[in-house]
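Data block below; observations after.
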Amino acid sequence: MATLKFLSFLILQLVLIANNCEGVEVGFYQKTCPNVEAIVKETTKHYISIAPTLAAPLLRMHFHDCFVRGCDGSVLLNSTKGNKAEKDAIPNQSLRGFQVIDAAKSALEKECPGIVSCSDILALAARDAVSLINGPTWAVPLGRRDGRVSILSEASKNLPTPFDNFTTLKTTFGALGLNVKDLVVLSGGHTIGMSHCFSFSSRLYNFTGKGDMDPNMDQNYINHLKIKCKPGDVTTIVEMDPGSFKSFDIDYYSMVSKRRGLFASDAALLTNTQTKHYVLSQLNQHGSTFFKDFGESMVKMGQIGVLTGKAGEIRKHCAFRN
């Protein structure tokens, strides 16, 4: 039954990719809203200058949007009386930065009403947030339209989790047209941001259900984390890339190589030859290709299941359907 359910999910994702990957292009709004990129960047810059830690949530929000129904802004929709939306799924309850998207949308509605989609704004804001903290930049193909459907259970089922092993990660990414290189490159986004203790505490206290620790994690690091994260702690947050969590750099790969990746999904990168090679090669080459690779994988991810042409809608407010 589980296999059948996964096969139907896989077919749906492949149909989404096949039907919708055309129609997004760099400069899509050149004639209809030429200042779109400047407006989104200025808005994002305003918020990041006040709270640099918003960069990671904006990047994560784009990621979480694209992995459920494609990059259609469905993660931005509020729940209604008759429907619980993606936003309220447990993996999305810690998302932040919605005010950045709303502010950019408001500014764009004044400049060119009814033209720019919320999903495009999210793709641009994620790029700008990363570049504003000295990370890479990339050209963002635009022309996405906004989806009208957002279902809590789909986010719970389809988003990768911090507990996933390599096989599960490869399958989840592969179903969306992303390969093993994209997997290890996009994991590099963990170089910024924070995490709640409950996302990794099983590695510290109960890895196999017998009150044991994860043997794939550095013992000294486990002891360090135990000081911050007590059993059952659901409120404390810790840096994913200690000492460098506000800077977009290759320190995450250094942590992974030392068996100090916070999540089981980080440790999984050392269990596959290709991903392990990428981690070590970036360290040996001082991250010579990481920024370029990250931009390329973000463009690829940003085209998953996009709605174009007459599909979907251009929302007036990002949290509500028209």
Side-chain angles (χ1 to χ4, degrees), residues 2-3 6-7 9-18 20-21 59-60 62-68 70-71 91 123 126-127 130 135-136 138 141 157-193 199-200 203 214 216-217 240-241 248-306:
T3 308
F6 177 74
L7 279 174
F9 162 70
L10 183 62
I11 291 164
L12 173 65
Q13 300 308 319
L14 291 173
V15 167
L16 273 173
I17 293 163
N20 296 311
C21 64
L59 176 61
R60 185 167 172 246
H62 182 38
F63 185 93
H64 281 215
D65 182 37
C66 292
F67 267 68
V68 184
C71 312
R127 185 270 312 269
V130 168
W138 55 92
K157 281 180 203 162
N158 299 339
L159 286 171
T161 80
F163 315 106
D164 289 345
N165 61 27
F166 179 78
T167 303
T168 303
L169 289 168
K170 183 182 177 184
T171 302
T172 305
F173 276 66
L176 297 171
L178 299 173
N179 61 29
V180 171
K181 183 180 179 184
D182 298 317
L183 162 58
V184 65
V185 168
L186 292 171
S187 295
H190 288 172
T191 185
I192 53 173
S199 296
F200 57 87
R203 303 185 75 198
D214 184 350
N216 298 312
M217 192 180 229
M240 288 199 284
D241 184 1
F248 204 96
D249 52 35
I250 60 162
D251 282 3
Y252 163 77
Y253 291 129
S254 177
M255 293 293 289
V256 168
S257 72
K258 294 171 183 171
R259 295 166 58 241
R260 292 186 167 204
L262 208 50
F263 308 131
S265 59
D266 296 325
L269 300 180
L270 294 181
T271 66
N272 171 265
T273 309
Q274 189 179 341
T275 52
K276 184 178 181 179
H277 174 75
Y278 187 87
V279 168
L280 298 178
S281 68
Q282 289 307 311
L283 294 175
N284 292 335
Q285 298 163 22
H286 308 291
S288 62
T289 67
F290 176 49
F291 276 27
K292 175 178 166 286
D293 293 340
F294 192 81
E296 287 174 357
S297 288
M298 284 297 293
V299 168
K300 196 171 169 184
M301 185 193 81
Q303 297 188 49
I304 295 170
V306 292

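These values consider heavy atoms only, across backbone and side chains, with no hydrogens, waters or symmetry-generated copies.
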Enter the distance from [X]:[atom1] to [Y]:[atom2] here, rounded to the nearest 0.5 Å.
X: Leu183; Y: Leu178; atom1: CG; atom2: CG; result: 9.0 Å
X: Ser257; Y: Leu269; atom1: OG; atom2: CG; result: 11.0 Å
X: Lys258; Y: Met217; atom1: NZ; atom2: CE; result: 14.0 Å
X: Leu270; Y: Thr275; atom1: CG; atom2: OG1; result: 7.5 Å
X: His190; Y: Asp266; atom1: NE2; atom2: CG; result: 5.5 Å
X: Lys300; Y: Asp182; atom1: NZ; atom2: CG; result: 4.0 Å

Any idea which heavy atoms bring [X] and [Y] closest together, and the distance?
X: Thr172; Y: Pro160; answer: CG2-CG, 4.1 Å
X: Ser199; Y: Pro162; answer: O-CB, 3.6 Å
X: Pro141; Y: Gln303; answer: CG-NE2, 3.9 Å
X: Leu169; Y: Ala268; answer: CD1-CB, 4.2 Å
X: Ile192; Y: Met240; answer: O-CE, 3.1 Å
X: Cys71; Y: His62; answer: SG-CE1, 4.4 Å

(message) Once you measure the plane-to-plane angle for Phe290 and Phe248, does it fall in the parallel (<30°), tilted (30-60°) or perpendicular (>60°) bin?
(response) parallel

(request) Name the orientation class of the two ring planes belonging to Tyr253 and Tyr278 (parallel below 30°, tilted from 30 to 60°, perpendicular beyond 60°). (result) perpendicular

(request) Tell me, please, which residues at least two apart from Lys170 pass salt bridge (Lys or Arg N to Asp or Glu O under 4.0 Å). (result) none

Is the shortest side-chain heavy-atom distance between [X] and [Y] below 4.5 Å?
X: Met255; Y: Leu262; answer: no
X: Asp293; Y: Lys181; answer: yes
X: Phe291; Y: Trp138; answer: no

(request) Answer yes or no: does atom NZ of Lys276 have more than 12 heavy-atom neighbours from other residues, nucleotides or ligands under 6.0 Å? (result) no

(request) Under the side chain to side chain contact (heavy atoms under 4.5 Å, CB included) rule, what do His64 and Leu159 come out as? Steps first, then yes or no, please. (result) CA-CA 7 Å; His64 281 215; Leu159 286 171; 3.5 Å; yes

(request) State which residues pass side-chain hydrogen bond (donor to acceptor under 3.5 Å, both in side chains) with Glu296; sequence neighbours excluded, sorted by chain then number. (result) Lys292

(request) With sequence neighbours left out, write down each residue that passes side-chain hydrogen bond (donor to acceptor under 3.5 Å, both in side chains) with Thr191, or none if nothing qualifies. (result) Asp241, Asp249

(request) Run the numbers on Asn284 and Ser281 for side chain to side chain donor-acceptor pair (under 3.5 Å), then give the verdict. (result) CA-CA 5 Å; Asn284 292 335; Ser281 68; over 6 Å; no

(message) side chain to side chain contact (heavy atoms under 4.5 Å, CB included), that's the test. Do Val180 and Asn272 meet it? Break it down for me.
(response) CA-CA 10 Å; Val180 171; Asn272 171 265; 4.1 Å; yes

(request) Using the side chain to side chain contact (heavy atoms under 4.5 Å, CB included) rule, take Phe163 and Thr168 through it: C-alpha gap first, then chi angles, then the decisive distance, then the call. (result) CA-CA 10 Å; Phe163 315 106; Thr168 303; over 6 Å; no

(message) Tell me whether Asp251 contacts the main-chain N or O of Ser254 through its side chain, where contact means a donor paired with an acceptor under 3.5 Å.
(response) no

(request) Go through Phe67 and Asn158 one step at a time and tell me if the side chain to side chain contact (heavy atoms under 4.5 Å, CB included) criterion holds. (result) CA-CA 7 Å; Phe67 267 68; Asn158 299 339; 5.9 Å; no

